[in-house]
There are 2 protein chains.
Amino acid sequence: MASGDRCGPYICGIDAAMDVVSGKWKSLILWELDNHGTRRFGELKRGLPGVSEKMLIQHLREMEQDGLVHREVYREVPPKVEYSLTEHGRSLNEALGPLGEWGQRRAERLAAEAAAAS
Amino acid sequence: MASGDRCGPYICGIDAAMDVVSGKWKSLILWELDNHGTRRFGELKRGLPGVSEKMLIQHLREMEQDGLVHREVYREVPPKVEYSLTEHGRSLNEALGPLGEWGQRRAERLAAEAAAAS
DNA sequence: TTCAATACTTACCTGAAGGTAAGTGACGAA
DNA sequence: TTCGTCACTTACCTTCAGGTAAGTATTGAA
């Protein structure tokens, strides 16, 4: 196959999920789309400070291939494209919930330690 | 700071959790240690087919720094070192549960699609 | 005396991820 | 006629994660 597969074989489920979610901005894109329901390319870009246009489309295209994201093109000028989560995307976001909470607690712990060491 | 921080600032919880779990073998190390309770370096190596010794210690050291893994050294010859999960490590593993199940379902879906396309 | 076992350590190299910056095409507004 | 908007696209470059392979220290066994 040609470009970056993201098919198996996988050693375990985590493996198979990580394959789809690893990428600097993917979890943030997921979160952004889940929060707003639907976002245009430019809105996503503004919502993810620091992302480059190249990485943003690249990640969006991969997530579309992976069935996480739906891409709707409106044939207008200037062009308008809307991105939203598919059912799979939404369920992935749910599955990421506990991990997000764990990370939240870790961040709080780190902050507390940093404050204690001041 | 010197080598690979893995402190914030983080944009969200996922971010903070990913920082700790990203690394080709980390989730597998987590899984292996959770399954067996305690493992020696060589046992881990044999349990993770394909891992290099360099990456294995590197990941173990980082996970120790991050408070996920406990390292117990026995002063013997030949040397003996045992690794196990800390409370944080175990809770991370739990938080990864739903993601693992999601990945499992994705892998099954991919397999079914591949079978259908044969 | 050499070898095996164990848990590293070190130097070097490659490939992929991601960043930067400029270009494209269509059309309406100024 | 030039500019701005929008959603890309392309070429080029840097960085770093990870791989390979060899070396280290200790001691008992053959």
Side-chain angles (χ1 to χ4, degrees), chain A residues 1-7 11 15 18-30 32-33 36 38-66 69-84, chain B residues 1-7 11 15 18-30 32-33 36 38-66 69-84:
Chain A
M1 286 171 200
S3 58
D5 290 21
R6 288 181 322 291
C7 323
I11 301 182
D15 209 10
M18 283 301 186
D19 200 19
V20 139
V21 103
S22 71
K24 193 169 176 184
W25 306 95
K26 286 193 181 174
S27 56
L28 296 175
I29 292 173
L30 230 41
E32 187 80 5
L33 287 180
H36 294 88
T38 244
R39 297 247 93 180
R40 299 183 58 173
F41 181 83
E43 291 175 327
L44 277 173
K45 197 187 144 192
R46 268 171 260 127
L48 306 175
V51 73
S52 66
E53 299 191 339
K54 177 196 157 199
M55 286 317 297
L56 186 52
I57 13 157
Q58 187 175 308
H59 280 169
L60 285 169
R61 290 282 147 85
E62 289 177 3
M63 293 169 80
E64 196 191 350
Q65 276 178 36
D66 291 335
V69 160
H70 174 71
R71 179 168 177 267
E72 187 79 33
V73 181
Y74 297 84
R75 302 207 134 278
E76 304 173 0
V77 170
K80 174 178 170 181
V81 180
E82 282 186 347
Y83 293 93
S84 55
Chain B
M1 286 174 199
S3 59
D5 290 22
R6 287 182 321 293
C7 323
I11 300 182
D15 208 12
M18 282 302 188
D19 199 20
V20 138
V21 103
S22 71
K24 192 168 175 182
W25 306 94
K26 285 193 181 173
S27 56
L28 296 175
I29 293 173
L30 230 41
E32 187 80 4
L33 288 180
H36 294 88
T38 243
R39 297 248 94 179
R40 298 184 57 174
F41 181 82
E43 291 175 327
L44 277 173
K45 197 187 145 190
R46 269 171 259 124
L48 306 175
V51 74
S52 64
E53 300 190 339
K54 178 197 157 198
M55 285 317 296
L56 186 52
I57 14 156
Q58 186 175 306
H59 280 169
L60 284 169
R61 290 282 147 82
E62 289 176 4
M63 293 169 82
E64 197 191 349
Q65 275 178 37
D66 291 334
V69 160
H70 173 72
R71 179 167 176 268
E72 185 80 33
V73 181
Y74 298 84
R75 303 207 132 277
E76 304 174 0
V77 169
K80 174 178 171 182
V81 180
E82 282 186 346
Y83 294 91
S84 55

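Just so it is clear: chains get the letters A, B, ... in the order the sequence lines come, proteins before strands, and each one is counted from 1. Just so you know, these numbers come straight off a predicted model, no measurement behind them.
- Proximity of A/Lys24 to the phosphate of C/dG19: a side-chain N or O atom is located under 4.0 Å from OP1 or OP2.
- Rounded to whole angstrom, the span from the CZ atom of A/Arg39 across to the C1' atom of D/dC6 amounts to 16 Å.
- The CD atom of A/Glu53 sits 5.0 Å away from the CZ atom of A/Phe41 when rounded to the nearest 0.5 Å.
- In this structure, A/Leu56 places its CG atom 9 Å from P of D/dC8, rounding to the nearest Å.
- Around the NZ atom of B/Lys80, the shell of radius 6.0 Å holds more than 12 heavy atoms that belong to other residues, nucleotides or ligands.
- Here the side chains of B/Tyr74 and B/Val81 are not in contact, with every heavy-atom distance at 4.5 Å or above.
- Atom CD in A/Glu64 sits about 15 Å away from atom P in D/dA7, given to the nearest Å.
- When all heavy atoms of A/His59 and A/Trp25 are compared, the closest pair comes out as CE1-N, 3.5 Å.
- For A/Glu82 and A/Arg39, the salt-bridge test fails: no basic side-chain N is under 4.0 Å from an acidic carboxylate O.
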Problem set entry | Intermediate values then yes/no, side chain to side chain contact (heavy atoms under 4.5 Å, CB included), B/Met63 and B/Ile29 | CA-CA 10 Å; B/Met63 293 169 82; B/Ile29 293 173; 4.0 Å; yes
Check the interface with nucleotides 3-7 of chain C: list each N/O to N/O pair with the protein under 3.5 Å, or write none.
residue, atom, partner, partner atom, Å
C/dT6, O3', B/Arg40, NH2, 3.1
C/dT6, O3', B/Pro79, O, 3.0
C/dA7, OP1, B/Arg40, NE, 2.9
C/dA7, OP1, B/Arg40, NH2, 2.9
C/dA7, OP2, B/Gly42, N, 3.1

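- The nearest whole Å value for the distance from the CG atom in B/Leu60 to the P atom in D/dG18 is 13 Å.
- The phosphate of D/dA17 (OP1 or OP2) has no side-chain N or O of B/His59 nearer than 4.0 angstrom.
- As a whole-Å value, the separation of B/Lys54 NZ from D/dA22 C1' is 14 Å.
- For the pair B/Arg75 CZ and D/dT27 P, the interatomic distance rounds to 11 Å; values are reported in whole Å.
- Taking atom CD of A/Glu82 as the reference point, atom P of D/dC8 lies 12 Å away to the nearest angstrom.
- In this structure, CG of A/Leu48 is placed 15 Å from C1' of C/dG18, rounded to the nearest angstrom.
- At the heavy-atom level, B/Lys45 lies nowhere under 4.0 Å from the strands shown.
- Look at A/Lys26 and A/Glu62 and you find a salt bridge, because one of the NZ, NE, NH1 or NH2 atoms lies within 4.0 Å of a carboxylate O, short of that distance.
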